[in-house]
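To keep things clear, I will list the structure first and then write my remarks on it.
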Amino acid sequence: MKGLLLFFEVVKGLLITGRHLVVNLFRHTLHYLFRLKWVRKGSVTLLYPEERPSLSQRHRSRHRMMFREDGKPRCVACMLCPTICPSDCLFVEAEDVEGDRYAVRFQVDLSLCCFCGFCVEVCPEDAIRMDTGKLDFVALNREGLLFDLLENKEEKGLNR
Amino acid sequence: MNLFLATLFKLIILFGWLMLFSLYATWAERKESAVIQDRHGANRAKVLGISSFGIFQPFADAIKMLFKEDYIPPFVNKPLFLLAPSLSFFFSAVVIVAIPFGPDLTLRGRSFPLGIVSGDFTLPLIFALLSMGVYGFLLGGLSSRNKYAAIGGMRSAAQILSYEVAMILALLGLVALYSSMDLRVIVARQQGLLWGFLPRWGIFLQPLGFLLFLIAAVAMTKRVPFDMPEGESEIVGFFLEYSGLRFGLFMLTDFVETIVVSLLTTVLFLGGWHLPGLISASGFSGVLFPWGGKVILSPLTVQILQILVFQAKTVLVFIFLLLVRWTFPRYRFDQVMDLGWKSLLPLGLINLTATLILLRVVR
């Protein structure tokens, strides 16, 4: 009797996995082979490097520097961010130009950064933001993860 | 000489087919498990930028296997250690010579039988060869001079021996029903309809026998619900000391055995190459629809269609076996032995007795 009940459960299990197989195969075929994008995907996973996960608006990712309209960084090198940084991963160097103070070097050691966002919170000039959506940084050595925010001006367009 | 050449030709075709099937079996397993689990599965192997659902994956895997280090531990019994993988692979692969892959082809008035050997001995031959395969696993386990591998080998021997009994008992009812041990005759007797609508297939005439055979056959392949010899979490398996291509051969053996089981299921229980309505008799050859329509085809076309039907059935059974493998958790060793000796064996005896009594009553 127990064996018979077990057998029915076995059949039930086969029906569940079989349903997944048939339904997902159907959806994969329509979605990828016939390019019917309105059909739900047959998978819950993403094809990662091509498909990116949609991040929340508040998600903290790699830092970026905000720039003024004349192209100079907003950072005035007040040193509040290296002070509050719990991971000690920010390195700022300043220079005085015609009575104004600018950062000339603003490095983040991404191998140390814990993405707490304190530097963003503490900045009086709104010079750093963590909204690039970039999470996959790769380097062959530790120095490769030293990231200078001032050298990557191509992200200026992201100013919102 | 002519016969020799024909046999050699058929052998090459058959083993090429088997190798291709077992290569793509690995791909099918990865893909099917992925689809069952709402994933994508292997799709990164690209040739000229085309991945097309990863169909080049088996070749990438094969190349990877070839370039792996073939390490032979210093403490093993070397001759037996080297012999074991090829032994297990040989005995599971050579079974397909006894399988009839289709009806006799008629070319220019001469008939060419598919399948290499045929005769009354084919069913016993298959079981003899399948149980010889146990030597490969046992030797692989024992020659490794590793206790985990030895346990794995002993377990695989115990499991194969006990399920062999259940499997043969499950088939005896079928043998009594079709009163032959020749696979070709068994397939031929599954032609036609029962009471006008049911195909005269083994699965309908011997439902209990089919179930018992399927369970025992899954256990014979040593894959997951019955993966006693491997037991990924506890006893690493009889191939513990193997690496590279030799390990790959053991892995391929599992797939070849699964293919053999799907072939056997197709031949014995799913009517082989017969499909209701697809007829090649002396008077009429073509497709006969149940609503009365018919399409007349040449005998050779029908025979080729029947070969395709056979292949399709085999692939479907294979997909079902993969479904079984990816659905169930594994049994414990004592549960496996209980199932084999305390459930399948008595049920097989009941099935055989009932079949014999029914046959006596009917005839």
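Throughout, protein chains are lettered first and strands after them, A, B, ... in sequence-line order, and every chain is numbered starting at 1. Side chains included, hydrogens not; waters and symmetry mates left out as well; all remaining heavy atoms used.
- Within a 6.0 Å sphere centred on CZ of A:Phe91, other residues, nucleotides and ligands contribute more than 12 heavy atoms.
- When all heavy atoms are compared, the tightest approach of B:Trp326 to A:Thr17 is O-CG2, 4.3 Å.
- With a 6.0 Å radius and a threshold of 12 heavy atoms from other residues, nucleotides or ligands, A:Arg105 has its CZ atom above the threshold.
- Of all residues in residues 20-49 of chain A, those placing a non-hydrogen atom less than 4.5 angstrom from a non-hydrogen atom of chain B are A:His20, A:Leu21, A:Asn24, A:Leu25, A:His28, A:Tyr32, A:Leu33, A:Lys41, A:Gly42, A:Ser43, A:Val44, A:Thr45, A:Leu47, A:Tyr48, A:Pro49.
- A distance of 9.0 Å separates CG in A:Leu15 from CG in B:Leu323, rounded to the nearest 0.5 Å.
- Of the atoms belonging to A:Glu9, not a single heavy atom falls under 4.5 Å from chain B.
- The number of heavy-atom neighbours closer than 6.0 Å to CG of A:Leu5, taken from other residues, nucleotides and ligands shown, is above 12.
- Neither the backbone nor the side chain of B:Leu339 comes within less than 4.5 Å of any heavy atom in chain A.
- With a 6.0 Å radius and a threshold of 12 heavy atoms from other residues, nucleotides or ligands, A:Tyr102 has its OH atom above the threshold.
- Within a 6.0 Å radius of CD in A:Glu50, more than 12 heavy atoms belonging to other residues, nucleotides or ligands are found.
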